[in-house]
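One structure is given here, and the rest of the page talks about it.
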Amino acid sequence: MTRFFFSATVAISVLVLAGWLQTGAQAIKFDIAGQDSADAVPVCVSHYVDDETQVIVKYKAGPGSNQKITFEVTDDTVHQNQLYRKDSVPEEMQKGAFLTKQAGDIIACFNNVLSSGVHPDPRYTRSVEIDFEIGAETIDYVKLAEKEKLKPMEVELRKLEDMVKEILDNMEVLQAREEKMRNTNESTNARVQWFSTLTMVILVTLGLWQIFYLKRFFRKKRLID
């Protein structure tokens, strides 16, 4: 009975979380000031993604004269491998798709460069918008419904099913990481205990040897009986 109640509670929680994720995601919007090409500093946002995960990034730029927005997505490795790039971001919504090779943060950076001869000024600013679709969110359910002839309710159930599966997979990954960290901590604690014991044995042995040596030395010097 207890196991059934726990399973039902977990299932309901996952469904609620899936519904929240489905309706609560919003694009990120911010402004970027125009900069000289020589000293332009990009504005970046990041998002953690597991390995072998399909990612679709949606982005666009607002209107602005004498300004060119560039967009680039890289990973967080030492080499900062380029996953996607767009040299001139238009005002229409754009899409870029790529597959991650390893788990980590993907870093999306915008750069607003002024045209030649134009100097930085507060009036030279462009707004940008970006949104990430990851894993199950990248599935085109319209095409899937046409292909499998699904009803609207079946499509919504398929969405929930895919999102719940993805959440459960993430929970399993987190559980595996927690178990790995716990094993590492236990192993470290065991090594520290053995090292402490060995250190104590060495110190006691050294102390006894010093007492024996000093007693022998003083006896030779006839300082003690």
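Start at 1 with the first residue, then count along the sequence. As the structure is a computational prediction, the values presented were derived from the model and not from experiment.
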### Message
Assigning hydrophobic clusters by single linkage (Ile, Leu, Val, Met, Phe, Trp, Tyr; side-chain heavy-atom cutoff under 4.5 Å), is Ile56 placed with Leu99?
### Response
no
### Query
With respect to Glu178, which candidate in Arg182, Lys180, Gln175 satisfies the side-chain hydrogen bond (donor to acceptor under 3.5 Å, both in side chains) definition?
Arg182
### Query
Could you state the interatomic distance from CG (Leu114) to NZ (Lys68), rounded to the nearest 0.5 Å?
12.5 Å
### Nearest atoms (heavy-atom pairs only) where Ala97 meets Gln54
CB-NE2, 3.7 Å
### Query
At their closest point, which heavy atom of Gln67 faces which heavy atom of Asn112, and how far apart are they?
OE1-ND2, 2.8 Å
### Query
Does the distance from a Lys or Arg side-chain N to an Asp or Glu carboxylate O, for Asp50 and Arg177, drop under 4.0 Å?
yes
### Salt-bridge criterion met for Glu154 and Arg158 (N-O under 4.0 Å)
no
### Message
Hydrophobic cluster membership, with links at side-chain heavy-atom distances under 4.5 Å among I/L/V/M/F/W/Y: are Val43 and Leu83 in one?
### Response
yes
#### Entry: Centroid-centroid distance, Tyr84 to Phe98, less than 6.0 Å
no
### Task
For side-chain contact (heavy atoms from CB on, under 4.5 Å), just list the numbers for Lys60 and Glu91, CA-CA rounded to whole Å, side-chain angles, deciding distance to a tenth of an Å, and then say yes or no.
CA-CA 5 Å; Lys60 69 176 182 178; Glu91 297 182 20; over 6 Å; no
### Closest heavy-atom pair and its distance - Val89, Phe71
CG2-CB, 3.7 Å
### Query
Would you call Glu146 and Lys143 a salt bridge, using N to O less than 4.0 angstrom?
no
### Task
For Asp76 and Asp105, indicate whether the former's side chain and the latter's backbone hold a donor-acceptor pair under 3.5 Å.
yes
### Task
Verify side-chain contact (heavy atoms from CB on, under 4.5 Å) between Phe30 and Ile32, making sure each step is shown before the conclusion.
CA-CA 7 Å; Phe30 52 90; Ile32 305 178; 3.9 Å; yes
## Note on the structure
Shortest non-hydrogen pair, Phe132 vs Ala108, comes out as CZ-CB, 3.9 Å
### Query
Hey, does the side chain of Thr70 reach the backbone of Phe110 with a donor-acceptor pair shorter than 3.5 angstrom?
no
### Message
Donor-acceptor check, side chain of Glu156 to backbone of Met153, threshold 3.5 angstrom: yes or no?
### Response
no
### Query
Should Ile28 and Val49 be regarded as members of a common hydrophobic cluster, given that ILVMFWY residues are connected when their side-chain heavy atoms come within less than 4.5 Å of each other, either directly or indirectly?
yes
### Task
Report the distance from atom CG of Asp75 to atom CG of Asn81, rounding to the nearest 0.5 Å.
4.5 Å
### Task
Please report the C-alpha distance between Val201 and Thr205 in whole Å, then the side-chain angles of each, then the deciding distance to 0.1 Å, and finally whether the side-chain contact (heavy atoms from CB on, under 4.5 Å) criterion is met.
CA-CA 6 Å; Val201 171; Thr205 304; 4.0 Å; yes
### Message
Whether Lys58 and Glu133 form a salt bridge (side-chain N of Lys/Arg under 4.0 Å from carboxylate O of Asp/Glu) is what I want to check.
### Response
yes
#### Entry: Which atom of His119 lies closest to which atom of Asp36, heavy atoms considered
CA-OD1, 4.5 Å
### Query
Is atom OH of Tyr48 surrounded by more than 12 heavy atoms (other residues, nucleotides or ligands) closer than 6.0 Å?
yes
### Summary
Note: Thr53 and Gly135 closest approach over all heavy atoms is CG2-N, 3.8 Å
## Note on the structure
Rounded to the nearest 0.5 angstrom, the CG-CE distance for Leu168 and Met163 is 12.0 Å
#### Entry: Cluster overlap Val45 with Ile69, hydrophobic side-chain contacts below 4.5 Å
yes
### Task
Mind checking the CG-CE spacing from Asp131 to Met93? Nearest 0.5 Å is all I need.
7.5 Å
### Linked, directly or transitively: Tyr124 and Val128 (ILVMFWY side chains, under 4.5 Å)
no
### Query
Going by atom types only, do Gln102 and Asp51 share a side-chain donor-acceptor pair under 3.5 Å?
no
### Message
Between Leu208 and Phe212, does the side-chain contact (heavy atoms from CB on, under 4.5 Å) criterion hold? Intermediate values first, please.
### Response
CA-CA 6 Å; Leu208 293 175; Phe212 176 78; over 6 Å; no
### Query
What distance do Asn111 atom CG and Cys44 atom SG have between them, rounded to the nearest 0.5 Å?
8.5 Å
